[in-house]
Amino acid sequence: MRGTKETIAASQIAQNAGATTISLYVEKSALLDYSDYQIKYESLALDESRIERVNSSIGLCIAMNVLNEVEGYDNYAAAMADFADLDSIYRRAVEYTTPLAKKWAELNKKQKIIYVIASGPAYGAAYIFSICNLEEMLQLNSPTIHSYEYFNGPFEVIDKGKSIFQLLATGKTRPRG
């Protein structure tokens, strides 16, 4: 959002090495001093933010544009057009899940540890949810477990009294996780 000392140093090193640098930011910082391109994004934490203007959406757009330019992407036009629908889909999802989230929060309000499990395309969201929302904001211990690894140790410490938050992705990886 603002550039940490680590991301600022990384951008400086990358730029000094000749890399083209792109910074996504909410608030101006020294990060922009080491960026060839700067893109201001809207914070997901603000209700009025449009989903197609948050960092993950912009990052995906950049990736799809690079893919299309370098290799070609048969579904490029359709994918880019679909960004127009993101915000309304997101708003409907928030409306549907808010009562479920409140119920889940009430059931888990006394937990000291919440395990977050996911795989495939949902793993990144699980990691962010675990470290940003549960650990940073709520000060709860929250290990993120890759669902492929669940039976290689984590299930040994989980019982009916433990809280698990599992994200399920759609697509070809779902049967595996």
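Worth knowing before you read on, the calculation uses all heavy atoms, side chains too, and leaves out hydrogens, waters and symmetry mates. Bear in mind the structure is a predicted one, so any value in this text is a computation, not a measurement.
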Open item on the list: Quick test of your reading: applying salt bridge (Lys or Arg N to Asp or Glu O under 4.0 Å), list the pairs with at least one residue in residues 127-156, sequence neighbours left out, ordered by first then second residue.
Closed with: none
Open item on the list: So, using ring-ring contact (aromatic ring centres under 6.0 Å, His included) as the criterion, who are the partners of F165 when residues are at least two apart?
Closed with: W104, F129
Open item on the list: Restricting to salt bridge (charged side-chain N to carboxylate O under 4.0 Å, His left out), what partner residues turn up for E42, sequence neighbours left out?
Closed with: none
TODO: List in chain and number order the residues that pass salt bridge (charged side-chain N to carboxylate O under 4.0 Å, His left out) with E27, two or more places apart in sequence or in another chain; answer none if no residue qualifies.
DONE: R2
Open item on the list: Please list all pairs meeting salt bridge (Lys or Arg N to Asp or Glu O under 4.0 Å) that have one or both residues in residues 55-79, counting only residues at least two apart or in different chains.
Closed with: none
Task: Contacts of type salt bridge (charged side-chain N to carboxylate O under 4.0 Å, His left out), residue D82, not counting sequence neighbours - done: none
Task: By salt bridge (charged side-chain N to carboxylate O under 4.0 Å, His left out) - contacts of K40 (at least two apart) - done: none
TODO: Mind checking side chain to side chain contact (heavy atoms under 4.5 Å, CB included) for A14 and listing every partner two or more places apart, or none if nothing turns up?
DONE: A19, T21
Task: Listed partners of E48 passing side chain to side chain donor-acceptor pair (under 3.5 Å), at least two apart - done: none
- [ ] Using side chain to side chain contact (heavy atoms under 4.5 Å, CB included) as the criterion, list what pairs up with A122, not counting sequence neighbours.
- [x] A118, L167, A169
Task: Apart from Y127 itself, residues in the same hydrophobic cluster as defined by side-chain heavy atoms under 4.5 Å - done: I131
Open item on the list: Considering only residues two or more places apart or on different chains, which pairs with a residue in residues 91-103 satisfy salt bridge (Lys or Arg N to Asp or Glu O under 4.0 Å)?
Closed with: D87-R91
